[in-house]
J.: 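Below you'll find the structure I mean.
Sequence lines set the chain letters: A, B, ... in the order given, protein chains first and strands last, and positions in each chain run from 1.
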Amino acid sequence: MSVLDLSEQEIFRRQSLEDLRKLGIEPYPQEGFEINTTTEEILANFDPEKKNYQNVSIAGRIMARRIMGKASFCELMDEKGRIQLYFNRDEICPGDDKTLYNEVFKKHLDIGDIIGVKGYAFITQVGEKSIFVKEFKILSKSLRVLPIVKEKDGVVYDAFSDPEQRYRQRYVDLIVNPHIKDVFIKRAKIIETMRQMFNEHGYLEVETPILQPIPGGAAARPFITHHNALNIPLYLRIANELYLKRLIVGGFNGVYEFAKDFRNEGMDRTHNPEFTVMEIYVAYKDYFWMMEFTEKMLQKVALAIHGTTEVPVGDKIINFKPPFRRLTMIDAIKEYAGVDITGMNEQQLREVCKKLDIEVDETFGKGKLIDEIFGETCEEHLIQPTFIIDYPIEMSPLCKRHRKNPELTERFELLVNGKELCNAYTELNDPIDQLERFKEQLRLSEKGDEEAMFIDYDFVRALEYGMPPCAGMGIGIDRLTMIMTNQPSIQDVLFFPQMRPEKKIERDEPAKFIETGVPQEWVEILINNGFTTVSALKNANPNKVHQVICGANKKLKLGLKNPTPEEVRQWIES
RNA sequence: GAUUCAGUAGCUCAGCCGGUAGAGCACAUCCCUUUUAAGGAUGGGGUCCUGGGUUCGAAUCCCAGCUGAAUCACCA
């Protein structure tokens, strides 16, 4: 990296780094730094009358500096919060040599540097709990300038708010917007709460393949990759359902997995190509049992995060207190679209769509038509948690037929805030029916449905050995976190959401320019004026190049002797 | 994929009926012994996203592109 690529401030910081080394101070020391408390504990518990916290050792990042002659204040931020540090020249440097304060502290420390300090807690004249620093140690020098966010009386100044930069450089976001951490702490708590509940029931947490030869268990386009040693294609899983059910065949009564799934589809506020789903399968249960289990689970999660079942989401309050409303899909359509679709055939359903002004495709079968009607007319109304039950059979190839109506399946989805949160079935364990359903999917696929499922013969074989009756449920952890933390976008509940790659500027070494005949003094000027590669220079108009570099020479007052246009032509044509 | 908006200093943004590029914070030098969005003085720092066009002259107007955001559409 050339010095010209650095901002002035970055150059100053690199200079400080050198100066520190010259003073015998290693800016990146090997040894650790013992800490014995946190900013949070001191601020919460320090009491001058008790004379506690008189020997503290803490470490963190410098987030603000106020220097005034012999005394200075810094703000130190650790994982838990910020506390003010008080530096006094004669305390830091008791002898005659004031270098440590005047040079090291005042000149070579910057906002963003990580330091360790030892000292005692006290209260300043203005009444702020602070640390009186007796010693400090540089633990890591920061060479980049942090965006500085200031705050007074709850008003934030110069917030670091550009979403692109926040997501691309999440580490900076977490430093300067520490409240972002809360979302992720809550996310971990949500998962912990669920895991604890499952374990109490005696269910086993398992891991199943992410690289799968057949991407099964859902309808979605997969990511494809290749295994060299076996010379076969492999898919990143779109779901783990079929593997978990194999384990139920194998004799476990309950298995669950927090799984990263991958789908090669669009990205938006509620979709990221990789996302987390929790799936759980419990033997000898049906979907009614699973609804109650799901209600209890969500109630526990809401209580763990909010201490109440009432959760604020946007301008709404969502109440996770069981029991949740249960509504069949047909009744939902009756209620919100005002149409009774009971017993309708495909043609009649098409007419309903037309009447309701719902766009449909020729390839849609009955199931998809009903799903469209439901999606268009009902979803947005289902704000409070609502189980939508008994889906048409065409949409649910892994779900058991309804015990009373063979056109339907024993499936429920839980809708919250107008969005699907959970999906669950009484699982299909009839191997012959399962094979038929897979074959129907194959027909849909041949008809052009890109998301129709593949046939997994090994899974059918497993069912042929016998799977106990079983209920299964999947829940989107990212969406659950969005609801529980009141975040409108999936990007805000993922540390590192998928982004387009950053544009890289191609660049040749200066030596390559010199090889083609460009005098050394002009190389950086060319690079800085957009001719970053030799080939870019070769493709340029010689007159333009001449004008640009002569212009730069004049503008930057470099005092170089301008080359003749003929010389420039030779660089380019050589 | 469609529409709208945005891209100017390290950060937040102003300038946009064309005429030498601005502020606050941050940074540098100096002053200041308890300050707190510390303060005072001085100073440095910009391919005004990129490429074309109009023009004597473009950050500003026009066209195209890139990147991002919002809304909508699509997607179990």
J.: Indicate, with a heavy-atom threshold strictly under 4.0 Å, whether A:F122 touches base, sugar-phosphate, or nothing.
T.: base
J.: Charged N to carboxylate O below 4.0 Å: is that the case for A:E75 and A:R82?
T.: yes
J.: Could you check how far CZ of A:R65 sits from P of B:rA26, rounded to whole Å?
T.: 11 Å
J.: Looking only at atom C1', what distance separates B:rU33 and B:rG68, rounded to whole Å?
T.: 48 Å
J.: Considering only B:rC30, B:rA26, B:rU36, which nucleotide approaches the side chain of A:K107 most closely?
T.: B:rC30
J.: Test for a donor-acceptor pair under 3.5 Å between the base of B:rU35 and the side chain of A:Q84, counting only N and O atoms.
T.: yes
J.: Output the single nucleotide from B:rA26, B:rU12, B:rU34 whose closest atom is nearest the side chain of A:F73.
T.: B:rU34
J.: Remember a base hit wins even if backbone is also touched, and classify A:K106 as base, sugar-phosphate or nothing at under 4.0 Å, heavy atoms.
T.: nothing
J.: In the structure shown, which nucleotide is the Watson-Crick or G-U wobble counterpart of B:rC48, with both distances under 3.5 Å?
T.: none
J.: May I have the distance from A:L146 (atom CG) to B:rA9 (atom P), rounded to whole angstrom?
T.: 18 Å
J.: Who are the side chain to side chain donor-acceptor pair (under 3.5 Å) partners of A:D110, not counting sequence neighbours?
T.: A:K141
J.: Indicate, with a heavy-atom threshold strictly under 4.0 Å, whether A:A218 touches base, sugar-phosphate, or nothing.
T.: base
J.: Using atom CD of A:Q165 as one end and atom C1' of B:rU67 as the other, report the distance to the nearest whole Å.
T.: 12 Å
J.: Quick one: label A:F12 by what it contacts on the DNA or RNA (base, sugar-phosphate, nothing), any heavy atom closer than 4.0 Å.
T.: sugar-phosphate
J.: Whom does B:rU33 pair with, Watson-Crick or G-U wobble, provided both distances fall under 3.5 Å?
T.: none
J.: Nearest to the side chain of A:F160 - B:rU36, B:rC11, B:rU34?
T.: B:rC11
J.: So if I take every side-chain heavy atom of A:S7 and compare against B:rA28, B:rG10, B:rU33, which nucleotide ends up nearest?
T.: B:rG10
J.: State which of B:rU34, B:rA26, B:rA37 makes the closest approach to the side chain of A:Y157.
T.: B:rA37
J.: Taking pairing as Watson-Crick or G-U wobble with both contacts under 3.5 Å, can you name the mate of B:rA28, or confirm there isn't one?
T.: B:rU42
J.: Using both distances under 3.5 Å as the test, list the Watson-Crick or G-U wobble partner of B:rG57, or none.
T.: none
J.: Report the base-pairing partner of B:rA21 (Watson-Crick or G-U wobble, both distances below 3.5 angstrom), or none.
T.: none
J.: Expressed in whole Å, how much space separates the P atoms belonging to B:rU3 and B:rA37?
T.: 48 Å
J.: Any donor-acceptor pair under 3.5 Å joining the side chain of A:E164 to the base of B:rU67?
T.: no
J.: When the C1' atoms of B:rC13 and B:rA59 are compared, how many Å lie between them, rounded to an integer?
T.: 15 Å
J.: When the C1' atoms of B:rG18 and B:rA41 are considered, how many whole Å apart are they?
T.: 37 Å
J.: Given the P atoms of B:rA58 and B:rA14, what is the spacing between them in whole Å?
T.: 24 Å
J.: Flag the pair A:E241 and A:K245 as a salt bridge only when some basic side-chain nitrogen lies within less than 4.0 angstrom of an acidic carboxylate oxygen.
T.: yes
J.: In chain order, what residues pass the side chain to side chain donor-acceptor pair (under 3.5 Å) check against A:D173, with sequence neighbours excluded?
T.: A:R166, A:R170, A:N177
J.: Grab the CZ-P distance between A:R269 and B:rA69 for me, whole Å please.
T.: 12 Å
J.: Using whole Å, report how far CD1 of A:I148 lies from P of B:rA26.
T.: 8 Å
J.: Take the protein atom CE of A:M499 and the nucleotide atom C1' of B:rC66, then report the distance between them rounded to whole Å.
T.: 15 Å
J.: Please report the distance, rounded to the nearest Å, between CG in A:N102 and P in B:rC31.
T.: 10 Å
J.: Quote, to the nearest angstrom, the C1' distance that separates B:rG19 from B:rU55.
T.: 12 Å
J.: Distance only, no hydrogens: is a donor on one side chain within 3.5 Å (strictly under) of an acceptor on the other, for A:D492 and A:Y167?
T.: yes
J.: Using the P atom on both, measure B:rU47 against B:rG10 and round to a whole Å.
T.: 7 Å
J.: Could you check A:N423 against A:S489 and say which one's nearest nucleotide on RNA chain B is further toward the 5' end?
T.: A:S489
J.: Measure the distance from CG on A:D158 to C1' on B:rU12 and round it to the nearest whole Å.
T.: 4 Å
J.: Between B:rC11, B:rA26, B:rU36, which nucleotide has the shortest distance from any of its atoms to the side chain of A:R66?
T.: B:rU36
J.: Within the structure, does a side-chain N or O atom of A:K150 lie under 4.0 Å from either OP1 or OP2 of B:rA26?
T.: yes
J.: Apply side-chain hydrogen bond (donor to acceptor under 3.5 Å, both in side chains) to A:D390 and A:Y287, showing your working.
T.: CA-CA 10 Å; A:D390 301 348; A:Y287 77 143; 2.6 Å; yes
J.: Which one is paired to B:rU3, where only Watson-Crick or G-U wobble pairs with both distances under 3.5 angstrom count?
T.: B:rA70
J.: Determine the interatomic distance between C1' on B:rU20 and the same-named atom on B:rA28; round to the nearest Å.
T.: 26 Å
J.: On a plain distance test, is the side chain of A:E151 in donor-acceptor contact with the base of B:rA37 below 3.5 Å?
T.: no
J.: Looking only at side-chain atoms of A:E8, point me to the closest of B:rG45, B:rA26, B:rU35.
T.: B:rG45
J.: Closest to the A:V126 side chain: B:rC75, B:rG68, B:rU35?
T.: B:rU35
J.: Taking NZ, NE, NH1 and NH2 as the nitrogens, is one of them in A:K150 or A:D158 under 4.0 Å from a carboxylate oxygen of the other?
T.: no
J.: If you check the A:M68 side chain, which of B:rC11, B:rA38, B:rG10 turns out closest?
T.: B:rA38
J.: State whether the distance check finds a donor on one side and an acceptor on the other, under 3.5 Å, for side chain A:D162 versus base B:rG7.
T.: no
J.: Please compare A:K152 and A:G217 by the position of their nearest nucleotide in RNA chain B and report the one closer to 5'.
T.: A:K152
J.: Taking the ring of A:Y86 and the ring of A:F122, is the distance between their centroids below 6.0 Å?
T.: yes
J.: Please find out if less than 6.0 Å separates the ring center of A:F136 from that of A:F87.
T.: yes
J.: Between B:rG10, B:rC32, B:rC75, which nucleotide has the shortest distance from any of its atoms to the side chain of A:Q9?
T.: B:rG10
J.: Confirm from the modelled atom types if A:D268 and B:rC74 form a donor-acceptor pair under 3.5 Å, side chain to base only.
T.: yes
